[in-house]
Amino acid sequence: MENLARKEIDAIEAEEASPAANAILGANPFVEIDAENIFATYGELIRSIIARPERLWPAIGKLAAEFYKVALGDSEIQPAVGDRRFTDPAWQENPFYHRLMQGYLAWRQASLSLIETEESGGSDWKGPAQHRFAMMLLTEALAPTNALWGNPAAIKRVFDTAGVSLIDGMRNFVDDLMNNGGMPSQVDKRPFKVGQTIATTPGAVIFRGELCEVIQYTPAIRQVRERPMLIVPPQINKFYVMDLAPKRSLIEYTVAQGIQVFTISWRNPGPEYRDRGLDDYVAAVKEVIGVVTAITGSPDINLLAVCSGGMTATLLLGHLAAIGDKRINAATLLVTMLDSGDPSMSGMFATGETVRAACLRSRERGVLDAGTMSRLFAWLRPNDLVWHYWVNNYLMGKNPAPFDLLYWNADSTNLPAALHAGFLDLLLRNPLVEPDRIEILGTPINLGEVTQDIYVVGGMTDHICAWRACYRAAGLFGGSTEFVLNGSGHVQTLVCPPGNFKAKYFSNPRRGADPDQWLEGATEQKGSWWDNWIEWLQRRSGELRPAPDAIGSEDYRPIEPAPGSFVHQLP
């Protein structure tokens, strides 16, 4: 028990220590950002600044004054709390490095202030957001810490290792150039093996269709709730974010609470699946519901869906409401953005032009390529997902740390071109906020007709599905909806096991139209939202009954042990 507790604490500390842990993007935003997009944005930014010299010249004057203070040693500018680039003592103690740091921070602050001025005067959030993103890419790339001469910690390591760190760094650089698309590796993958060290909750595949496998998990206690739960994971990543290491697995946790748990494991599609779209994926989940009810004998089920899987499940809820199908009793939506009107990373580059270009590229290839997208979208959080590892892997000559979340994040999947186009349509047209603006399986979708109880979870620092957008999603349904705000980011909201002493969430039963007003009246709860949610779920999962003696049924016999075959498919 002591060793297990120590492992849990180590996992929590590793997560807190990893700069990338809170920056994991998870399911990507679907719109490619290429060099052409960025250079076009720089052109727009330069033109907008030149067109308004009244904001440029004061900024230059203020920057010159701050440079003068820096040179005299009178500047008080310091890195922001949480900026780990300047933690080496030399940045404070060495006069040269101290002035270099302050000069860089002054220039960065002045550059970004131009965009803040623009934001305050603009009604369209996408243009200023794109400008700020482009400026942020430039300022973070030019940080002195990214160069050997400007990084005192890297220089010290060269002397401490007698130059071996430079050799190791070059070796890492060549390896990433050949095997990681030229991007710095974020994780040491060697300790992880799906089905052996992660995704280890006992179970078996009991159904295999064209688009997905279905895993049923072995009951952990003698009595289970009569109503089962089906998990719909995101299509752009593997399902096992819900089943990471023991004690960090939501599936393991839920099974231990007496819930009969099933999960979908999506196929990693190739170009031959280019025509499979939203209708096909919604139909696949609908078919799986029939499998789950047949195995358990329950007339209905509970549903838990994540991110893009949450979009799919929401469309299914709308479709079932339209045809009067009552087989879903209650639903949980995790970090799912149904209203794309709010500012978010997902919608920042989603314009008519970029969406058409993205659809054309994926149609030509047959799929939205997972490897390319994961590399491109690391640049959404460049300090945490690119430059930190540039310094660690190449300048310091170290290997990245082994970390299960980062391993999962790198194990992404393709999207069929038609499904990609469907998600982009949801993102650009925002059709779910009004009735009958989209059809699925021949039925118009009106979320106001969805009357099931729904539990919605957002992440306070989520950069993909902004929490305010998740909050507004809760107001689209016609039934009783509970909203909970976790105190971390996109993926950390999913992996939030009890026992993490830093975990917290916010709850407020009074849910009005204004998310900020809701937050002002919310109560901060210490601990994991998992405990709050399982109580909510158990009240909607029926009576206890003896656990089944075996997995599957006469019609759906086990095919192979969990985690199945689809999870091992390569992009």
Side-chain angles (χ1 to χ4, degrees), residues 17-20 22-23 38 42 45-46 49 59-116 131-161 163-170 172-173 176-177 182-186 378-400:
S18 172
N22 287 320
I38 297 302
Y42 280 128
L45 175 59
I46 292 171
I49 292 175
I60 292 176
K62 186 175 180 181
L63 178 59
E66 190 63 37
F67 277 161
Y68 182 70
K69 290 182 181 180
V70 169
L72 294 178
D74 295 334
S75 175
E76 297 181 357
I77 192 168
Q78 291 293 331
V81 176
D83 189 342
R84 306 187 185 205
R85 294 174 296 178
F86 302 101
T87 55
D88 189 274
W91 292 111
Q92 298 296 333
E93 298 170 1
N94 183 287
F96 169 76
Y97 282 116
H98 188 63
R99 286 172 171 78
L100 178 63
M101 175 192 71
Q102 289 188 318
Y104 164 73
L105 291 175
W107 168 73
R108 180 181 184 275
Q109 189 177 84
S111 300
L112 293 177
S113 70
L114 294 174
I115 314 302
E116 290 169 1
H131 292 173
R132 184 173 180 81
F133 173 70
M135 184 65 78
M136 183 258 304
L137 282 183
L138 180 64
T139 58
E140 310 312 68
L142 294 179
T145 49
N146 298 333
L148 182 62
W149 66 268
N151 193 314
I155 293 174
K156 289 177 187 176
R157 184 164 171 81
V158 171
F159 285 101
D160 290 344
T161 63
V164 173
S165 64
L166 293 179
I167 298 172
D168 291 340
M170 183 57 68
N172 290 340
F173 177 78
D176 284 338
L177 195 64
M183 293 290 290
S185 297
Q186 298 172 4
W379 291 102
L380 288 176
R381 301 295 302 277
N383 272 347
D384 293 330
L385 298 176
V386 179
W387 297 117
H388 167 77
Y389 293 98
W390 173 277
V391 172
N392 180 82
N393 300 4
Y394 308 152
L395 302 189
M396 303 293 288
K398 298 179 180 179
N399 291 323

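One-based numbering along the sequence shown.
- Of the possible donor and acceptor atoms, none in the side chain of H98 sits under 3.5 Å from a partner among the backbone N and O of E93.
- Nearest heavy-atom pair, F86 versus P144, reported as atom, atom and distance to 0.1 Å: CE2-CG, 4.3 Å.
- At a cut-off of 3.5 Å, with distance as the only test, a side-chain donor of Y394 or D176 sits close to an acceptor on the other residue.
- Between F173 and W390, the angle of the ring planes goes over 60°, which puts this pair in the perpendicular group of the 30/60° scheme.
- Considering CZ of R84 and CG of D384, their distance stands at 8.0 Å, rounded to 0.5 Å.
- Around atom NZ of K62, no more than 12 heavy atoms belonging to other residues, nucleotides or ligands sit under 6.0 Å away.
- Contact detail for P382 and E140: the closest heavy-atom pair is CG-CG, 4.1 Å.
- No salt bridge links E76 with K69; every basic N to acidic carboxylate O contact stays at or beyond 4.0 Å.
- Between the side chain of N172 and the backbone N or O of K398 there is at least one donor-acceptor pair closer than 3.5 Å.
- Taken from CD1 in I167 to OG1 in T161, the straight-line distance is 8.5 Å, to the nearest 0.5 Å.
- One finds the CE atom of M170 at 10.5 Å from the CG atom of L177 (value rounded to the nearest 0.5 Å).
- In terms of modelled atom types and a separation under 3.5 Å, the side chain of Q102 and the main chain of I77 share a donor-acceptor contact.
- Here the side chain of N151 pairs a donor or acceptor atom with the backbone of A154 at under 3.5 angstrom.
- Within the 4.5 Å cutoff, the side chain of N393 has heavy atoms near those of the S185 side chain.
- Listed here is the closest heavy atom pair of F67 and G103: CE2-O, 3.4 Å.
- The shortest side-chain heavy-atom distance between W387 and T145 does not fall under the 4.5 Å cut-off.
- Residues M101 and P79 have side chains in contact (heavy-atom distance under 4.5 Å, counting atoms from C-beta outward).
- When all heavy atoms are compared, the tightest approach of S165 to M396 is CB-O, 3.5 Å.
- Separation of atoms CZ (R108) and CG (L142) is listed at 11.5 Å; rounding is to 0.5 Å.
- Side-chain contact check for R99 and Y104: no donor-acceptor pair (N or O, by modelled atom type) lies under 3.5 Å.
- No donor-acceptor pair under 3.5 Å is formed between the side chain of N146 and the backbone N or O of V391.
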*Dump the intermediate steps for side-chain contact (heavy atoms from CB on, under 4.5 Å) on D74 and Y68, then the final yes or no.*
CA-CA 8 Å; D74 295 334; Y68 182 70; over 6 Å; no
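- In this structure, CH2 on W91 lies 9.5 Å from CZ on R85, to the nearest 0.5 angstrom.
- For the pair H388 and N383, the minimum side-chain heavy-atom distance is 4.5 Å or more.
- Put simply, the side chain of Q92 reaches to within 4.5 Å of the side chain of Q78, judged on heavy atoms.
- Distance CG/L166 to CG/L148: 6.0 Å, rounded to 0.5 Å.
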